[in-house]
Amino acid sequence: MSLRFPASRRLRRRFFTRDPITLAMDLLGCALVWKKGDRVLAVRLVEVEAYLGEGEDPASHAWRGRTARNSQMFATGGRLYVYFTYGMHYCMNVVSGKEGQAGAVLLRAAEPLVGEALMERRRGRGGRELTNGPAKLCQAMGIDLRHNGLDLVEGPLGIWPHERPGSIVRTPRIGIRRGRELLLRFHDPVSPYVSHRSQRKPRSEH
DNA sequence: CCATAGATTGACT
DNA sequence: GTCAATCTATGGA
């Protein structure tokens, strides 16, 4: 199997400038590719979550408006929004919508396609533990705050159509309290790399 | 397989 | 001061 990601097929701006829910579903099955010189890392996205704009979604970092941390969520679709959490982890999002219109898609899990050996070195683990969670995926791909604001439409990191899932399952998002009733997590049910806690017991409401 | 505790720092109330 | 869009180790069924 020879995996090539020619510039001609790379996803362009208008793919990303749509609403976060549509973008989330269309990102499933796509390849996230890091290309720099002769080094290539690639994964197939199998689990994502949509986060909506200011005042629309209490779980979204954009809920209470623009701040220094979340400012990339208000940028044009196709940028990368990386945040630091729990004192030690990074998570990455693909920004959706038009400039000024907040929204993003959290990349939660993926299947390794190219560069698995480097991912194993970075993770200190193998198999599905490589990329079956948002912070694990960032660690495997080498993504941190330096990459916040990167444009996926050009430059070393980009997204290519790859292999669409046979079906898409829609569930509550993971690790949030408010906004649980919105079913904004999407995953490919047959992928072994989907993060394990899909049906985790929800934390009590009050 | 499941449940729980601890890690560790920055953003925000 | 509180708590987070998480992960890992550990202990039990």
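We name chains A, B, ... by the order of the sequence lines, and we start the count at 1 in each one. Atom set for the values below is all heavy atoms of this structure, side chains included, hydrogens, waters and symmetry mates excluded.
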Rounded to the nearest angstrom, tell me the gap between atom [atom1] in [X] and atom [atom2] in [N].
X: A:Leu184; N: C:dA5; atom1: CG; atom2: C1'; result: 12 Å
X: A:Phe84; N: C:dC7; atom1: CZ; atom2: C1'; result: 13 Å
X: A:Arg178; N: C:dA4; atom1: CZ; atom2: C1'; result: 12 Å
X: A:Glu49; N: C:dT6; atom1: CD; atom2: C1'; result: 12 Å
X: A:Arg125; N: C:dC7; atom1: CZ; atom2: P; result: 11 Å
X: A:Tyr51; N: C:dA5; atom1: OH; atom2: P; result: 7 Å
X: A:Arg173; N: C:dT6; atom1: CZ; atom2: P; result: 11 Å
X: A:Arg64; N: C:dC3; atom1: CZ; atom2: P; result: 14 Å

Measure from the side-chain heavy atoms of [X] and tell me the nearest of [options].
X: A:Arg108; options: B:dC12, B:dC1, C:dA5; value: C:dA5
X: A:Met88; options: B:dT8, C:dT8, C:dT6; value: B:dT8
X: A:Leu106; options: C:dA5, B:dC12, C:dT8; value: C:dA5
X: A:Ala135; options: C:dC7, C:dA4, B:dA11; value: C:dC7

Note to self: If the cut-off is 4.0 Å, is A:Arg123 near the phosphate of C:dT8, judged by side-chain N/O to OP1 or OP2?
What the structure shows: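 Yes, such a contact exists.
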Note to self: Whether A:Thr67 contacts B:dC12 is assessed here as follows: a side-chain N or O lying under 4.0 Å from the phosphate OP1 or OP2. Is that the case?
What the structure shows: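 Answer is yes, contact under 4.0 Å.
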Next item on the list: Look at the aromatic rings of A:Trp34 and A:His147 and report parallel, tilted or perpendicular, splitting at 30° and 60°.
Entry: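 Rings of A:Trp34 and A:His147: perpendicular, as their planes differ by over 60°.
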Notebook entry, point to check: For DNA chain B, which consecutive runs of 3 or more Watson-Crick or G-U pairs (each distance under 3.5 Å) count as stems?
Noted result: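 Counting only runs of 3 or more consecutive pairs, the stems involving DNA chain B are B:1-7 with C:6-12, B:9-12 with C:1-4.
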Margin query: Under 6.0 Å from the ring centre and within 45 degrees of the ring axis: does the NZ or CZ of A:Arg9 meet both conditions for the six-membered ring of A:Phe5?
Written below: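 Negative - A:Arg9 is either too far from the ring of A:Phe5 or too far off its axis.
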Notebook entry, point to check: Can A:Arg173 be said to sit on top of A:Tyr51's aromatic six-ring, NZ or CZ under 6.0 Å from centre and within 45° of the ring axis?
Noted result: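 Output yes; distance and angle both within limits.
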Margin query: Considering every strand and a 4.0 Å limit on heavy-atom distances, what is the contact class for A:Met73: base, sugar-phosphate, or nothing?
Written below: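 Answer is base: heavy atoms of A:Met73 come under 4.0 Å of a base.
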Margin query: With the criterion set at under 5.5 Å between ring centres and under 30 degrees between planes, would C:dA5 be stacked on A:Tyr83?
Written below: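 No; centroid distance or tilt outside limits.
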Checklist line | Passing option when A:Ser191 is tested against A:Glu47, A:Glu111, A:Arg44 for side chain to side chain donor-acceptor pair (under 3.5 Å) | finding: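 When A:Glu47, A:Glu111, A:Arg44 are each tested with A:Ser191, the side chain to side chain donor-acceptor pair (under 3.5 Å) holds only for A:Glu111.
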Check: Should the heavy atoms of other residues, nucleotides or ligands under 6.0 Å from CZ of A:Arg13 be counted, would the total exceed 12?
Finding: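 Yes, enclosed.
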Next item on the list: Would you mind reporting whether A:Gln139 and A:Tyr90 have side-chain heavy atoms less than 4.5 Å apart?
Entry: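 Sidechains of A:Gln139 and A:Tyr90: no contact.
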Margin query: So, taking the atom named CZ in A:Arg164 and the one named CG in A:Leu28, what distance separates them when rounded to the nearest 0.5 Å?
Written below: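 These two atoms lie 7.5 Å from each other.
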